[in-house]
A.B. asks: 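Right, I'll just put the structure down here and ask away after.
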Amino acid sequence: MDSISTTTTPTSTTAKDLVVGGFTLFVLALALQLAFSLPAGFLALSAVLYAVQVALILRYWPGRKPFGWANRATLARSVIVLALIAWAPYLGGQPAPALWTYALLSLGALILDGVDGKVARATGSHSEFGARFDMELDALFILGLCLAVLALDKAGTWVLALGLMRYAFIAASLGFAWLNANLPDSFRRKTVCVWQVVTLMVAVIPIIPPAFASLTLGLALVLLAWSFFVDVRWLYQRRHNHDSAKP
């Protein structure tokens with residue numbers, strides 16, 4: 001009798017990774033809900049956010065190879081990030097243990113940010129998709145921290161500009177093609193990004209007063225606006241080069 005061999009396709013392994021990620025998020029969200037009496041809306045929002053992420057991954061994942069350990073590391077970090085984003089609207093009035101838990105989970109998500117890159121280099125699995133997945137998750141994490149700061153009354157609605165400025169830039173690039181040109185690496189851009197994340201992380205710590213949080217976040221917003229202005233000006237000055245490069 002001939003033996004029947006089964007093969008596992010890259011698509012099926014990716015689906016398994018996404019299922020494991022979804023189950024892990026459910027366990028984490030359920031634990032947080034039971035521990036801190038969060039409303040059912042928290043679980044629902046966590047599920048919606050993960051469903052959107054899955055849809056985007058399936059839409060843009062090439063599917064020609066296994067998901068890989070680097071992308072799995074980013075997916076694992078997304079479980080924490082999505083739970084934090086879903087929790088952010090409910091932070092107001094939460095007890096101190098809940099707020100400290102939020103701050104510690106945020107720190108954990110930040111620490112894990114460098115893991116996927118190291119895994120990619122160690123396994124030779126770096127990809128354009130993986131870099132984009134990591135970058136978009138970073139942007140979403142920043143926006144989630146802005147929502148948390150707002151919910152905690154550490155700053156006004158203006159703090160959302162820290163998380164929305166990049167999305168405004170992307171929206172503008174739809175109408176101005178020259179904004180899509182590649183930017184050179186910039187120490188200034190990286191430094192401003194680090195300051196942005198650090199100030200948001202500090203602001204969600206329960207013992208940090210609103211006045212100090214607003215001051216540091218206000219400075220971060222000024223620096224971020226300046227950094228975007230420098231980049232947009234650089235792209236604008238070279239817009240004709242971008243137009244001439246079109247086929």
Side-chain angles (χ1 to χ4, degrees), residues 13-61 67-92 94 97-117 119-120 129-152 159-160 162-167 170 193 196-197 200-201 203-205:
T13 59
T14 300
K16 291 177 181 178
D17 290 327
L18 296 176
V19 170
V20 171
F23 178 75
T24 306
L25 176 58
F26 172 75
V27 171
L28 175 60
L30 184 61
L32 292 173
Q33 184 194 38
L34 295 176
F36 303 115
S37 302
L38 294 171
F42 164 67
L43 285 178
L45 184 54
S46 298
V48 169
L49 289 172
Y50 192 75
V52 172
Q53 176 176 269
V54 168
L56 290 172
I57 289 175
L58 294 178
R59 167 64 178 82
Y60 292 104
W61 171 244
F67 203 50
W69 285 107
N71 288 326
R72 290 187 183 110
T74 307
L75 183 66
R77 182 164 64 95
S78 77
V79 168
I80 302 176
V81 170
L82 295 183
L84 290 171
I85 295 173
W87 192 358
Y90 306 104
L91 281 178
Q94 286 272 285
L99 301 183
W100 278 109
T101 300
Y102 191 94
L104 290 174
L105 283 175
S106 298
L107 179 60
L110 181 62
I111 293 174
L112 288 174
D113 186 20
V115 172
D116 45 13
V119 172
F129 171 87
R132 185 61 182 268
F133 186 13
D134 180 62
M135 180 175 64
E136 295 300 336
L137 187 61
D138 288 344
L140 195 61
F141 180 43
I142 290 173
L143 181 57
L145 288 174
C146 292
L147 292 171
V149 170
L150 181 61
L152 292 170
V159 75
L160 296 178
L162 281 169
L164 293 175
M165 199 173 298
R166 177 179 177 274
Y167 293 105
I170 293 175
C193 181
Q196 178 187 10
V197 174
L200 285 166
M201 290 285 300
V204 299
I205 298 175

A.B. asks: Measuring from atom CG of Leu84 to atom CG of Leu49, what distance do you get when rounded to the nearest 0.5 angstrom?
C.D. replies: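 So the CG of Leu84 and the CG of Leu49 are separated by 11.0 Å.
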A.B. asks: Ring centres under 6.0 Å, that's the criterion: do Phe67 and Trp61 meet it?
C.D. replies: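 When the ring centroids of Phe67 and Trp61 are compared, they turn out to be within the sub-6.0 Å range.
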A.B. asks: May I ask you to check whether over 12 heavy atoms, not counting those of Phe26, lie within 6.0 Å of atom CZ?
C.D. replies: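 No, the 6.0 Å shell around CZ holds no more than 12 heavy atoms from other groups.
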A.B. asks: Would Leu45 and Ile85 satisfy side-chain contact (heavy atoms from CB on, under 4.5 Å), going step by step from the backbone distance to the final call?
C.D. replies: CA-CA 9 Å; Leu45 184 54; Ile85 295 173; 5.8 Å; no
A.B. asks: Measure across Tyr102 and Ala88 and return the closest heavy-atom pair with its distance rounded to 0.1 Å.
C.D. replies: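 The pair with the smallest heavy-atom distance is OH-CB, 3.8 Å.
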A.B. asks: Please round to the nearest 0.5 Å and tell me the distance separating atom CZ of Arg132 and atom CG of Leu137.
C.D. replies: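 Atom-to-atom, Arg132:CZ and Leu137:CG are 13.0 Å apart.
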A.B. asks: Locate the shortest heavy-atom distance separating Ile80 from Leu28; write the atom from each residue and the value.
C.D. replies: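 So the minimum-distance heavy-atom pair works out to CA-CD2, 4.2 Å.
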A.B. asks: Tell me, yes or no, whether the heavy-atom count around Tyr167 atom OH, taken from other residues, nucleotides or ligands under 6.0 Å, exceeds 12.
C.D. replies: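 Atom OH in Tyr167 is crowded, with more than 12 foreign heavy atoms closer than 6.0 Å.
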A.B. asks: Nearest 0.5 Å, please: how far is CG in Leu162 from CD in Gln196?
C.D. replies: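 Result: 5.0 Å between the selected atoms.
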A.B. asks: Using only atom types and a distance under 3.5 Å, with no angle test, would you say the side chain of Tyr50 pairs donor to acceptor with the backbone of Leu18?
C.D. replies: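 At least one qualifying donor-acceptor pair exists.
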A.B. asks: Which distance, rounded to the nearest 0.5 Å, do you find between the CD1 of Ile142 and the CG of Leu147?
C.D. replies: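 Between atom CD1 of Ile142 and atom CG of Leu147 there are 12.5 Å.
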A.B. asks: Among Val27, Val19, Val20, find the one that has a side chain to side chain contact (heavy atoms under 4.5 Å, CB included) with Phe23.
C.D. replies: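 Testing each of Val27, Val19, Val20 against Phe23, the sole residue satisfying side chain to side chain contact (heavy atoms under 4.5 Å, CB included) is Val27.
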A.B. asks: Exactly one of Leu112, Ile111, Leu82, Val115 should register a side chain to side chain contact (heavy atoms under 4.5 Å, CB included) with Arg77. Which one does?
C.D. replies: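 Considering Leu112, Ile111, Leu82, Val115, a side chain to side chain contact (heavy atoms under 4.5 Å, CB included) with Arg77 is found only for Leu112.
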A.B. asks: Rounded to the nearest 0.5 Å, how far apart are CH2 of Trp87 and OG of Ser46?
C.D. replies: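 One finds 11.0 Å between CH2 of Trp87 and OG of Ser46.
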A.B. asks: Just how far is it from atom CD of Glu136 to atom OG of Ser78, taken to the nearest 0.5 Å?
C.D. replies: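 Reported value, rounded in 0.5 Å steps: 13.0 Å.
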